[in-house]
Amino acid sequence: MHADNWAIKAKQDGYRTRAVYKLDEIVQKTKVLKKAKHILDLGSAPGGWAHYIKQKSKISDVYAIDILDMEPVEGVHFFKKSIEEIDDIELIKSFMGKFDLVISDIAPNLTGISAVDTENIYELNDLTISTASRYLNQKSGSMIMKTFQNNKLKGLRKKMELSFKIVQTFKPAASKKQSGEIFLYGANR
Ligand SMILES: C[S@@+](CC[C@H](N)C(=O)[O-])C[C@H]1O[C@@H](n2cnc3c(N)ncnc32)[C@H](O)[C@@H]1O
């Protein structure tokens with residue numbers, strides 16, 4: 001399906017972004033949502049993923065952060081904060097080590113200078129992995145993280161392999177081929 005058609009489908013289905021179909025494909029294939037209660041959504045605005053999770057799972061309790069504002073999503077606890085400041089959010093901190101799932105669609109503003117963008121993406125992804133490792137349940141937690149195909153990807157995957165037994169790469173059908181974006185999934189069971 002063409003990218004525009006995913007956008008039309010999102011509108012028809014009542015979702016805020018077509019990004020939900022990328023998450024949906026990974027969720028369907030991994031069944032990661034089945035038992036996940038405490039879920040942390042990093043880089044959540046405008047709220048497509050958070051809304052999707054609340055629709056698909058009755059048991060989910062979603063905590064979301066973004067540096068941008070986000071229109072409220074029913075049942076989602078939103079905080080306008082950077083991932084760098086996550087430890088300042090008392091409510092989220094109170095669940096440290098107890099999250100079942102961390103999802104991250106965080107992306108930096110692109111400069112167009114390839115080396116700079118690659119470095120910025122790596123730094124944010126690296127911080128996302130270490131944040132997820134601290135906030136997830138060590139035994140059963142899983143994460144889904146957006147990243148990009150570049151020369152730092154192998155290193156990033158290796159880093160995830162230090163925290164997760166299973167690491168898989170996904171390129172969902174709804175993700176534009178030319179975008180270079182891909183998703184890393186990490187799980188411990
Ligand atoms: C592609 S959008 C997320 C879309 C979202 N998953 C959805 O379905 O609606 C990426 C988001 O990452 C956020 N972001 C970028 N840097 C961030 C940071 N340091 N901390 C938190 N959020 C950040 C951006 O503000 C942007 O809203």
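In what follows, residues are counted from 1 in the order of the sequence shown. Just so you know, these numbers use all the heavy atoms, side chains as well, and skip hydrogens, waters and symmetry mates. Both counts, for ligands and for their atoms, begin at 1 and track the order of listing.
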Q: Classify the ring geometry between H38 and F99 as parallel (under 30°), tilted (30 to 60°) or perpendicular (over 60°).
A: perpendicular
Q: Just say parallel, tilted or perpendicular for the rings of Y52 and Y15, cut-offs at 30° and 60°.
A: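 Rings of Y52 and Y15: tilted, as their planes differ by 30° to 60°.
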Q. Ligand 1: which residues have a non-hydrogen atom closer than 4.0 Å?
A. T17, A19, G43, S44, A45, P46, G47, G48, W49, D66, I67, L68, K81, S82, I83, D105, I106, A107, L124, K146
Q. Quick one: do D126 and K159 make a salt bridge, cutoff under 4.0 Å?
A.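 Yes, this pair counts.
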(Q) Donor-acceptor check, side chain of W49 to backbone of D41, threshold 3.5 angstrom: yes or no? (A) no
Q.
Centroid separation under 6.0 Å, is that true for the rings of Y135 and F95?
A.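 Distance test on ring centres: not under 6.0 Å, no.
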Q) Do L101 and K37 come close enough that some side-chain heavy atom pair is under 4.5 Å? A)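 SC-SC contact between L101 and K37 ruled out.
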